[in-house]
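Heads up: the structure comes next, in structure tokens.
Given the structure is predicted, the values throughout are model-derived calculations rather than measurements. Residue numbers start from 1 in every chain, and the chains themselves are labelled A, B, ... in the order their sequence lines are given, proteins ahead of strands.
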Amino acid sequence: QKLTFSLKIAISSSLSKIHLNVSHGRLCASSTSFSQRNNSSSANLKVDHDQTTGVAVMHMQSPPVNSLSLDFLTEICITLEKLEMDKGCRGLIITSSQPKVFSAGLDILEMYGKSPERCGEFWKAVQEMWLKLYGSNMVTIAAINGSSPAGGCLMSITCDYRIMADNPRYSIGLNETMLGIVAPFWFKETMVNTVGHRNTEISLELGLLYKPAEALNIGLVDQLVPEDQVLSAATQTMTKWLAIPEHARQITKSMMRKSTIEKLRSNREADIQNFVNFITKESIQKSLRMYMEMLKQKKA
Amino acid sequence: QKLTFSLKIAISSSLSKIHLNVSHGRLCASSTSFSQRNNSSSANLKVDHDQTTGVAVMHMQSPPVNSLSLDFLTEICITLEKLEMDKGCRGLIITSSQPKVFSAGLDILEMYGKSPERCGEFWKAVQEMWLKLYGSNMVTIAAINGSSPAGGCLMSITCDYRIMADNPRYSIGLNETMLGIVAPFWFKETMVNTVGHRNTEISLELGLLYKPAEALNIGLVDQLVPEDQVLSAATQTMTKWLAIPEHARQITKSMMRKSTIEKLRSNREADIQNFVNFITKESIQKSLRMYMEMLKQKKA
Amino acid sequence: QKLTFSLKIAISSSLSKIHLNVSHGRLCASSTSFSQRNNSSSANLKVDHDQTTGVAVMHMQSPPVNSLSLDFLTEICITLEKLEMDKGCRGLIITSSQPKVFSAGLDILEMYGKSPERCGEFWKAVQEMWLKLYGSNMVTIAAINGSSPAGGCLMSITCDYRIMADNPRYSIGLNETMLGIVAPFWFKETMVNTVGHRNTEISLELGLLYKPAEALNIGLVDQLVPEDQVLSAATQTMTKWLAIPEHARQITKSMMRKSTIEKLRSNREADIQNFVNFITKESIQKSLRMYMEMLKQKKA
């Protein structure tokens, strides 16, 4: 348990005020001095940036399940941009402050009953988040402390390393097909780069969600740890990664990912148009409505 | 055990006459009503199309070992075309009625001592079968109830899912090299898409045939079941696949496979020419003759 | 244990004089007649070419650790060229005569404090070795009887098959990043073709060296055997490979590798320029100096 900070200041603020906060009902001492931390929060993101280690932890705290709405995606992108520009930040850990879920993925409400323009704006933000994460010069680690379907899985597989809570009630996967929608080519390629062609094919065609042990087995995550150790394991792994000669690591990462990134970069407009045409179809809108009704009934 | 049907009617016939048939020496009740079945058979194919479930089972029954001759390939292509056009058919299970073998692969007699024109016609039919199967909108499952070398393996890996009889006397693999011939690039790419680059490299260079357990281990098949359960397991799996939103599944399948398919589609003539030039070489003809003589001696 | 031969004659010599040599302190009988061997040695390479079997064993004996200097690379390339042209040579086993090491990889001294011209010449020789090995028509087997970092790993993964000594003190991997330098795209692609994209990504970004058991697990080597059986296991495996129809095997190998080879062939000059620009940077030179000093301190 670490002392966490919660500052309701604008993301763009460079002020570094520190408020104490009781995390999970306990007040604990931080292992680093306060003055070396540079923390910021927007409504839905809390960023702990430890200047000593050069590691930022981005806590997603958008209730109830960190759904990726246009607003939330925009916050994430602004934060990523800021951390990427900050030479003092060399590593980023992404985790969730919401119980039981890392992120539920793209917000269905952004895809249902919206104008083509709004859908396009939304999709552009999804692209932007992927481009920023998959191409980041920082070491990125997903500390997956809950379920991580669809867009949540996408965020995870853009990172350099994935540590997941070993809780069989959680699952992870690109399950878009089960909603009647289709993962675009860059979701697909990110997954192929992670688990290979055949695992991706069967996984995307069936919209599979994997239990942590299964995810580890096919390489969708790299490591399982007890639920209360996800963040500390991520921090330990980060230390190992940050010990690698940085410039060589960055060039190598770019070499591994640039062809995939370039494919989206040079096709962003067509990809947006493709998404908008698909999602605004009457049949797809109907699928989404049915899916949302199913979710409501599940809750009730 | 299911009641099967055997109708000696033309493939093009739309009549649906039903004859009872004793399968494996036993007469068993079918679980679906007769009137909902639409069955057809040519000399070498028996197709059970269950209109209730939308699943067709294509039994290969070309004695002795379902070798893929030009005639048999043509029958298969016509049947595939017909099922693909039939909106009532959403899933296809491919299996064998011959004992101990799924398919022995391309018929060597079509490659030995034939004119270049005939060889070209043959190869075009092989391409056609691959294009139809690998690009099918139907869910395709290979119920591999016997050995499946060369072209038999190719048919299997074009499907969405492979269930094999767990009998160590059976084997599967693209073993063309052992015959002195070369698997073309689209055989190779289908295999790379299934088991990855390195498994394909070593497998094709050595012309390896895998026992079921080995095939499962490298991902060449997806599931092993006792020999008498291959078809029932395929039917169960089919039910699961048909529950997936169809349109999204089809688009996803196309996304995974289209670059490989496109590569052959845009190079069919060159690929035919390449095959004809290679297979009609004196040295290759000699290899084939030696291989056939070896097979004869084995039998004797 | 086999009788080995050591002839200090020029590589280009076609004479076949045979001197007896005591290997590992024991004199043993060879299983093939002397007159069928055609052996040659340069200062740093000893080649046993058994004309009966068509197999050449190339022993690297460049003290202390078979570092790939420009001179050594040139010797290797000349030998490979010679064997490739020799119709009597169908298989090549590469192994080391130095204790505990297969090859320590590229010679750092060739990259430190050298003129751009010299660096370019060096890099061209690295390319040449890779092109000759990865595209060889011979069956190539790496008999990895010691540690095999960086360029040593590269040589290994260009071969058709890798057998490694099961000694946990040895390791293998493309660990360039740990030296602050970057494996070029063709190192990367050779590794992707061997262990897949994700293993390559994590391996290259962290500059990982794998223990033999780990290397086997990810597919970086194909087989582990006790240390004193590496060469005999390679010889046995070679026999199996040479029994495969040769022409079909060669065409298949070429089909698997040609796109990767073509990518370097058509970009050699740009790749050299890229290397020279990178390696002559002040920051990189500093990294190399620090690495060499670290090595010196380790020894002291």
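With chain C as partner, the option from B/Asn199, B/Ile284, B/Leu204 having the largest number of non-hydrogen pairs under 4.5 angstrom is B/Leu204.
Inter-residue side-chain proximity for C/Ile144 and C/Val230 is flagged as unmet; no heavy-atom pair is nearer than 4.5 Å.
Contacts between B/Thr200 and chain C at a heavy-atom distance below 4.5 Å involve backbone atoms as well as side-chain atoms. Only the side chain of C/Asp222 comes within contact range of chain B, with heavy atoms under 4.5 Å apart. Contacts between B/Ile181 and chain C at a heavy-atom distance below 4.5 Å involve the backbone alone (N, CA, C, O).
Distance alone, capped at 3.5 Å, places no donor-acceptor pair between the C/Glu84 side chain and the C/Ser136 backbone. Side chain of C/Asp160 to main chain of C/Thr140: a donor-acceptor pair is present (N/O by atom type, distance under 3.5 Å, no hydrogens or angles).
Not less than 6.0 angstrom separates the ring centroid of B/Trp130 from the ring centroid of B/Trp123.
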